[in-house]
Each structure stands twice: as structure tokens, then as C-alpha cells.
Amino acid sequence: MLAAAMRILFLTHSFNSLSQRLFVELRRLGHEISIEFDINDRVTEEAVALCRPDLVIAPFLKRAIPESVWRQTLCWIVHPGPVGDRGPAALDWAIEEDAAQWGVTVLQADAQMDAGDVWASAGFPMRAGSKSSLYRREVADAAVRAVTLALERLQDPDFRPAALPENPDGSRGRWRPAIKAAQRRIDWGNDSAAGVLRRLRAADGFPGVRDEILGLPVRLFNAWPESSLRGEPGAVIATRDGAICRATRDAAVWITHLRGIGSGQGDLKLPAVQVLGADRLNGVPEIPLDPFAVVGGDTWREIECRTAGGVGYLSFEFHNGAMSTEQCRRLLAAWERLRQTSARVLVLLGGSDFWSNGIHLHRIEAEATPADASWDNIEAMNDLTRAIIETDDRLVIAALRGNAGAGGVFLALAADEVWAAPGVVLNPHYKNMGNLYGSEYWTYLLPRRAGVDGARIIMGNRLPLGAPEALQAGLLDAVFGSDAADFAERVSLRAEDLVAAPDLPDRLQAKQARRRQDEARRPLADYREEEMRHMRLNFFGFDPSYHVARYNFVHRVPQSRTPLHLALHRRIGAAGGKDATARTRT
Ligand code: COA
């Protein structure tokens with residue numbers, strides 16, 4: 001059953017990946033979605049009064065919804081745990097305890113946190129991945145299924161949400177508190193690599209495991225298994241691409257990022273090697289791994305190239321999709337090598353969680369002169385983008401397994417075809433980062449796909465697009481697969497079909513002709529120069545908006561108000577004339 005269109009208010013701590021995914025999915029079903037950040041009870045009450053929603057959904061909330069709101073309006077909490085699970089560390093516990101199955105539950109807000117009546121739930125098998133990765137993929141998919149089912153049930157007059165069974169003490173469900181720092185501690189002398197990985201993955205994204213490495217207090221992020229290297233348990237035994245490898249009693253793990261604690265570097269999350277510094281790492285060998293090297297067991301590398309079935313693949317597992325100057329240059333070098341192979345179709349796979357999120361704002365923030373670092377980073381992104389655009393003797397595919405944002409989207413548009421998994425969310429705009437103008441040849445790449453008006457609307461709206469909407473807008477050429485894993489498998493089959501297609505030479509000829517025409521009409525260098533003229537003002541001009549926005553972003557400064565492009569109910573005259581009454585609890 002398709003739910004009738006409703007006015008829904010999202011009450012959320014931030015417009016994070018899960019809120020964005022639900023936003024695009026529910027809008028696709030015809031619902032009107034307005035967003036309010038959870039700032040304080042009074043602001044929430046004001047938002048509900050202005051919006052007069054049929055329903056409030058809380059996709060990502062760190063505080064309870066005020067009673068004055070849930071008593072008057074139906075409110076749903078999206079809880080990242082199965083029915084009966086309660087508390088603020090649901091996924092952390094699931095990973096720590098190695099759960100085989102997990103789920104998402106849609107609960108009605110009530111006096112007891114996470115203990116309200118259950119409207120719907122959806123399960124998924126757990127994967128050996130970090131909390132952030134599970135949250136962006138499995139949890140987001142299950143949340144969409146559970147919320148959609150709950151909305152259908154809301155239309156059914158006979159449906160009654162189920163109460164959780166009562167415990168002897170009158171409480172309901174199983175409350176589990178936040179995990180304490182001491183409970184997350186790693187005992188490097190005794191813990192196995194599997195145990196260390198679980199611990200690191202359960203704390204990934206936030207808060208990170210607290211530890212001390214080579215005398216420096218830090219939090220650890222983004223861990224990968226290593227099956228060959230060995231050493232004294234706890235010792236840092238190697239570095240690679242900015243990551244450190246630390247031995248356990250039975251194997252080793254790679255840790256790519258650290259956040260210093262009182263380090264004097266602003267405690268930003270940065271590559272581990274950068275945080276520890278050359279002096280501390282003196283004597284630790286750098287063990288590089290060629291992007292083309294074929295590896296037997298588990299290890300970690302950022303950039304991987306391979307060829308199979310006449311197709312060349314390039315994946316770039318950059319943490320959080322952020323691409324520093326140096327990472328862009330290494331990626332460009334790998335691209336140029338891939339172009340030397342006989343592969344006629346080249347597939348840019350991005351990373352497994354993010355395709356790309358553009359320039360590396362954390363690395364920039366850590367530099368002595370962030371304006372110069374921003375400039376260098378965008379130049380490096382531009383060099384990479386240009387190399388892809390100018391690859392005219394190969395068919396280039398960008399295959400998006402995960403989300404992309406800002407310059408990362410336009411990097412993908414440099415390909416001839418852009419394919420995406422169905423749950424992918426794109427943010428093809430820059431303005432949210434302090435009115436950044438943006439580069440990456442977007443002024444060439446976006447209008448040629450979306451038209452001049454379409455490009456203006458997409459850039460101006462500053463809203464996320466789901467894969468189907470991006471397809472409709474012309475940004476994508478194909479959306480397929482039942483989920484990200486299925487998508488990845490089908491990418492190879494499709495790419496091999498392209499290699500085998502009799503019209504491949506014609507397509508390449510047409511591509512060369514089009515590039516020549518485009519270049520004659522307006523040279524690529526011209527687009528770049530014009531974009532960089534604006535960027536110069538963003539980076540070096542009098543208006544500090546970009547620098548302020550970047551600082552707030554990397555330091556996760558809480559929002560003090562919801563921007564008007566999200567809070568429709570706060571636009572002048574927004575809720576006026578709405579006669580639908582809020583659904584009142586009985
Ligand atoms: N540089 C550095 N870190 C970045 C990043 C970037 N360009 N984009 C995202 N990240 C990091 C975030 O800091 C966060 O770090 P965490 O591990 O401490 O949580 C993590 O990636 C996830 O980001 P978050 O904003 O929580 O993810 P999301 O899926 O909810 O939102 C975006 C995705 C793309 C909308 C959002 O991350 C964003 O606006 N990024 C900035 C894009 C940008 O302006 N790039 C520069 C211009 S090219």
C-alpha cells in the first residue's frame with residue numbers, strides 16, 4: 001500500500017547520512033519533508049508549532065523528544081537496533097558482542113527512551129565492518145524498509161503498534177548504556193587481532209578507542225586486518241600511505257587515522273603518520289604496496305588497480321572520501337599507469353563507503369596556511385579531473401558504490417558513464433561549505449548533463465539527491481543492483497559487456513569528436529581559470545565564510561539553527577493555510 005502524502009518533520013541532531021537517505025526516499029514517496037535540528041526543547045516546540053506536521057520522525061537524535069511534543073503529535077524514533085534493544089550505543093554493542101544479526105526499529109516516542117510502541121522493524125545480517133560503515137549501508141537500508149513499512153501501517157485503520165513486553169521492574173525492553181572508555185580499552189599484549197579489530201570498529205567514527213602510541217595519547221580510527229606482518233604485540237611495525245601497522249599477539253592491524261588528545265594539532269582526525277610525526281616513527285619501516293600488486297591475504301592499501309576481462313579497475317579507499325593534495329597526485333599517477341594497460345574500458349570504483357567527498361578539509365585545517373593548502377588541494381583535484389576528461393582512447397565509467405559529495409560528485413561526472421547503487425546519495429553542490437564556488441570543471445561537466453537551468457537549480461538547492469533522482473536529473477546514466485554489494489558484482493559484468501560490444505570503437509571515436517568540438521567551443525583551461533578566479537576569492541578574499549564553515553565542519557561545532565533550505569517551516573508563510581490537524585495521541 002502506498003502511504004498518502006503527509007507533512008513530516010524530521011527532528012534530528014544533524015542532517016547526517018541516514019537523515020539524508022530517509023529524506024530522499026520519503027520525498028520520492030510524495031511526502032513533504034521539513035527539517036529541524038535538535039537544539040533545545042523550546043526551539044523544537046517552536047518548530048512543531050510552525051510546521052504542524054502529521055508526523056515527526058527522529059532519524060538521528062541524541063536527546064529525548066520533549067513530552068510537550070510527543071503528547072500532541074505522533075513521533076517516531078528510528079533506533080539502530082532490533083525490537084527490544086534500547087540505549088545510545090546500539091551498534092557499538094552489536095559489534096563488540098559479535099552479533100550475527102542486527103536491525104532497525106521504528107518506535108513511538110514515549111516517556112521511557114526507546115521503549116515506546118513498535119511500528120515496524122527490519123533486520124540485516126551483520127558484516128565485519130566499522131560502525132560508521134554499517135551505519136551508512138546496512139542500517140540506512142534497513143531504516144528505509146522499516147520507516148516505509150511503518151508509514152504503510154499508519155494508513156491502516158486496523159493496525160495497532162505493539163507494546164514491548166514489560167519487565168518485572170516495570171521497564172520495557174533491554175536498556176544498554178553507553179560503553180565506557182575503560183570497556184573499550186585494548187590490551188595489546190593479550191588481545192587477538194580479531195578482538196582488536198572488533199574493538200576499533202565498534203568505536204569507529206565516534207568516539208574512537210583511547211590509547212597511547214609511542215608515548216602519545218590518541219584515539220584510533222579506521223582499522224584494517226593484516227595477515228602477513230608480525231612483531232612484538234603492541235609495537236608499531238610498519239607504515240604505509242600514512243597509516244601505521246601495529247602487531248597483536250597473533251597477527252597485526254592497520255590503523256589509518258588518529259586524533260591526538262591534547263596534541264597541540266587542534267586534535268583533528270588525521271593520518272596516523274602525520275599525528276605521530278617522523279621522530280616518534282624513527283626506525284619504523286615504510287612498507288609500500290604497489291597499486292597493481294596482487295596480494296594473497298589481508299592487508300591495507302589506499303589505491304588499488306587491477307585488470308580483468310579487458311576492464312581496468314581503480315579503487316581508492318580514502319577515509320571518509322576525503323582526498324588530500326598528495327592522495328590526488330598518487331591517484332593521478334595510478335590512473336596514468338592504468339591507461340598504459342590494454343584495458344579499453346576503465347572503471348573508477350571510489351571507496352566502498354564513499355566514492356569521494358572532494359578536497360580533504362581536515363588536512364587543510366591542520367596546515368599552517370589553510371588558504372594555500374586549499375588552493376593546492378583543489379588544483380590537484382582539477383589535474384585529476386582533467387586527466388579523466390581527456391582520456392579519449394578509453395571508455396571511462398564511474399561506478400558509485402557509496403555516496404559522493406561536493407567536488408567528489410563532479411570528479412565522477414568526468415567519466416563517460418556514471419553508474420550508482422540504488423541507495424547512493426549525492427550532494428552535487430558546494431555552497432554548504434561557506435558559499436564555496438567550487439571547481440573540478442563543474443561549470444563544464446554539470447550543464448552538459450543537467451542543462452544550464454538544471455545545473456543552476458541543483459547547485460542552488462543545496463539538497464541531497466537519491467540515485468533515482470540523480471538519474472532523472474541526468475547526473476547518472478544507470479542505477480542498478482539490489483544493494484551496494486549486488487551493484488559491485490554487476491558493475492564487472494556490465495563493463496565486460498561494453499568491452500565486447502561491437503560499437504566500442506565507434507563510441508570512442510564519437511567521444512574524441514565531442515571532446516574536440518567542446519574544446520573548440522570553449523577550452524577546458526578557460527573553465528578552470530574562471531572557476532579558480534572565484535575560488536581565489538573564497539580562499540584569499542575578504543569574506544571568511546569558507547574558512548569559518550570548514551573550521552565548524554572539522555571540529556563538529558554544533559549547529560545553532562537550522563538553515564532555511566532545510567527548515568521549510570521556517571520560511572515566511574510556510575505553514576500558513578495548512579488545515580490538516582496534527583495526529584493526536586489517544
Ligand atoms: N574532508 C574531510 N573530511 C570529510 C570530508 C572532506 N571533504 N567530507 C566528509 N568528511 C568526514 C567528516 O568530517 C566525518 O568525519 P568523522 O569520521 O569524524 O565522522 C565523516 O567524513 C563523515 O562525514 P559526515 O558529514 O558525518 O557524513 P555524511 O554522510 O553525514 O555527509 C556530506 C556527507 C558529503 C554531505 C558531508 O560530509 C559534507 O558536506 N562534506 C564536505 C564536502 C565538501 O564541502 N567538500 C569540500 C569541497 S570539494
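Atoms within a ligand are numbered from 1 in the order they appear, just like the ligands themselves.
- When distances from atom 33 (C) of ligand 1 to the protein are checked, no heavy atom turns up under 4.0 Å.
- Annotation for ligand 1: atoms under 4.0 Å from non-hydrogen atoms of Asn16 are 30 (O).
- For a threshold of 3.5 Å applied to N or O pairs, the pair formed by Asn357 and ligand 1 contains at least one separation below that value.
- The atoms of ligand 1 that sit less than 4.0 Å from any heavy atom of Gly407 are 48 (S).
- Under 4.0 Å is where a charged nitrogen must lie from a carboxylate oxygen, and between Asp241 and Arg301 no such pair does.
- Using a 4.0 Å cut-off between a side-chain N of Lys or Arg and a carboxylate O of Asp or Glu, Glu367 and Arg363 do not qualify as a salt bridge.
- Counting protein heavy atoms only, atom 23 (O) of ligand 1 is closest to Arg556 NH2, 4.0 Å.
- Salt-bridge check for Glu531 with Arg528: failed, with every basic side-chain N at 4.0 Å or more from each acidic carboxylate O.
- Close contacts of ligand 1 with Ile359, meaning ligand atoms under 4.0 Å from a residue heavy atom, involve 1 (N), 6 (C), 7 (N), 46 (C), 47 (C), 48 (S).
- Atoms of ligand 1 found under 4.0 Å from any heavy atom of Ser17, numbered from 1 in the order shown, are 28 (P), 29 (O), 30 (O).
- The single protein non-hydrogen atom nearest to atom 17 (O) of ligand 1 is Lys269 NZ, 2.6 Å, given as residue, atom name and distance.
- Each of the atoms 41 (C), 44 (O) of ligand 1 lies under 4.0 Å from some heavy atom of Met433.
- If you take CG on Leu566 and CG on Leu463, they are separated by 6.5 Å, rounding to the nearest 0.5 Å.
- For atom 38 (C) of ligand 1, the nearest protein heavy atom lies under 4.0 Å away.
- Annotation: atom 13 (O) of ligand 1 to nearest protein heavy atom, His362 NE2, 3.0 Å.
- Listed by number with element, the atoms of ligand 1 under 4.0 angstrom from any heavy atom of Leu436 are 47 (C).
- For atom 15 (O) of ligand 1, the closest non-hydrogen atom on the protein side is Asn320 ND2, 3.3 Å.
- Residue-ligand proximity, Ala322 to ligand 1, at heavy-atom distances under 4.0 Å covers atoms 1 (N), 2 (C), 3 (N), 6 (C).
- Ranking protein heavy atoms by distance to atom 27 (O) of ligand 1, first place goes to Phe354 CZ, 4.4 Å.
- Heavy-atom distances between Phe206 and ligand 1 stay at or above 4.0 Å for every pair.
- By the 4.0 Å N-to-carboxylate-O rule, Asp211 lies close enough to Arg246 to be salt-bridged with it.
- For Tyr441 and Phe410, the distance between ring centers is not under 6.0 angstrom.
- The His360 neighbourhood of ligand 1 comprises atoms 1 (N), 2 (C), with distances under 4.0 Å to a heavy atom of that residue.
- Close to ligand 1: Arg136, with a non-hydrogen atom less than 4.0 angstrom away.
- Between Asp383 and Arg329 no salt bridge is recorded (no basic side-chain N to carboxylate O distance below 4.0 Å).
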